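Accompanying notes for the structure given below.
The structure displayed is predicted, hence computed values, not measured ones. Numbers here simply count residues along the sequence, with the first being 1. Remember, it's 1-based here, ligands and their atoms both numbered in the order they're listed.
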Amino acid sequence: MIVAIDGPAASGKGTLARRIARHYGLPHLDSGLLYRAVAQRLLIRGEDLGDAAAALAVARGIEPKHLDDPALRGRHAGEGASIVSVHPEVRAALLDFQRAFAATPRGAVIDGRDIGTVICPDADVKIFVTASAQERARRRALELGARGEPVDEAAVLADIEARDARDRNRAAAPLKAADDAVLLDTTDLDAEAAFAEAVAIVEARTRRPQRAIGG
Ligand code: DC
């Protein structure tokens, strides 16, 4: 079973994808980490995020072990990821990695922006997770605060709005719900309720209870 979970920054899609993967015993890929890893490497080398050739060279060298760095979860890597992900050549270079991840016999849960539209257009289940920008900024500020990063909620909201605009308006694989995705608005849902809704969507989409292995 392949489950594609897309949505804007801080919509809760990552937490949801992790829990759905654990519940059904499937491998999980947070595809945002690929773009974050590209951006972080360029930033460390002092290279320009807008330089498509430099970003492509880095993207070609990304390996699974590069995705474990906790620094990738930080604000700079996220902002940078949104910038490098605009380059079509970077997206193309990261496509095989994502398709290969999904192509295991058991399937996978992948979250991102274009999983249901581009990476896995034939996914068994597609969920598009949204929440209001204010609620997403509140959650992201809590998350950054917990990581010990300085937090100004207004600045976080401005970042999220800028990121939404860039992710939605880019020409290559923009953030949008696939025609056959189920929308899940988590603005008024806590993580538990969002998870219950997502399981219900999986079960309804596959029209039979999937074998769950855990909580
Ligand atoms: O999900 P995230 O916040 O880690 O993603 C960081 C950026 O990476 C996001 O702003 C746009 C880009 N991205 C993308 O273009 N396509 C994906 N499938 C995942 C992320």
Glu79 contact mode with ligand 1 (heavy-atom cut-off under 4.0 Å): neither
Lys13 neighbourhood, listing ligand 1 atoms whose heavy-atom distance to it stays under 4.0 Å: 1 (O)
Residues Asp111 and His28: side-chain donor-acceptor under 3.5 angstrom: yes
Among Val125, Thr206, Leu183, the one residue meeting side-chain contact (heavy atoms from CB on, under 4.5 Å) with Ile201: Val125
Nitrogen or oxygen atoms of Gln98 and ligand 1 under 3.5 Å apart: no
Short N or O distance, Asp30 and ligand 1, threshold 3.5 Å exclusive: no
Minimum-distance protein heavy atom relative to atom 4 (O) of ligand 1: Arg36 NE, 2.6 Å
Intermediate values then yes/no, side chain to side chain contact (heavy atoms under 4.5 Å, CB included), Val109 and His23: CA-CA 11 Å; Val109 179; His23 187 69; over 6 Å; no
Under 3.5 Å: N/O of Asp167 near N/O of ligand 1: yes
Heavy-atom nearest neighbour in the protein, as seen from atom 17 (C) of ligand 1, with distance rounded to 0.1 Å: Arg113 N, 3.4 Å
Residue, atom name and distance, where the atom is the protein heavy atom closest to atom 19 (C) of ligand 1: Ser31 OG, 3.4 Å
Atoms in ligand 1 with a heavy atom of Arg91 nearer than 4.0 Å: 14 (C), 15 (O), 16 (N)
Nearest option to atom 6 (C) of ligand 1, as decided by whichever heavy atom of Arg73, Arg163, Arg140, His87 sits closest: Arg163
Those atoms of ligand 1 less than 4.0 Å from some heavy atom in Ser85: 11 (C), 12 (C), 15 (O)
Side chain to side chain contact (heavy atoms under 4.5 Å, CB included) between Ile115 and Ser31, intermediate numbers included: CA-CA 9 Å; Ile115 309 304; Ser31 65; 3.7 Å; yes
Selected option - heavy-atom contact closest to atom 7 (C) of ligand 1, from Pro8, Ser11, Ala81: Ala81
Lys/Arg N to Asp/Glu carboxylate O, Arg36 vs Asp69, below 4.0 Å: no
Pair Ser82-Arg166, side-chain donor/acceptor within less than 3.5 Å: yes
Point-to-point distance, once rounded to the nearest 0.5 Å, from CZ of Phe195 to CG of Leu189: 13.5 Å
Any residue meeting side-chain contact (heavy atoms from CB on, under 4.5 Å) with Ala102, in chain and number order, not counting sequence neighbours: Ile2, Ile110, Cys120
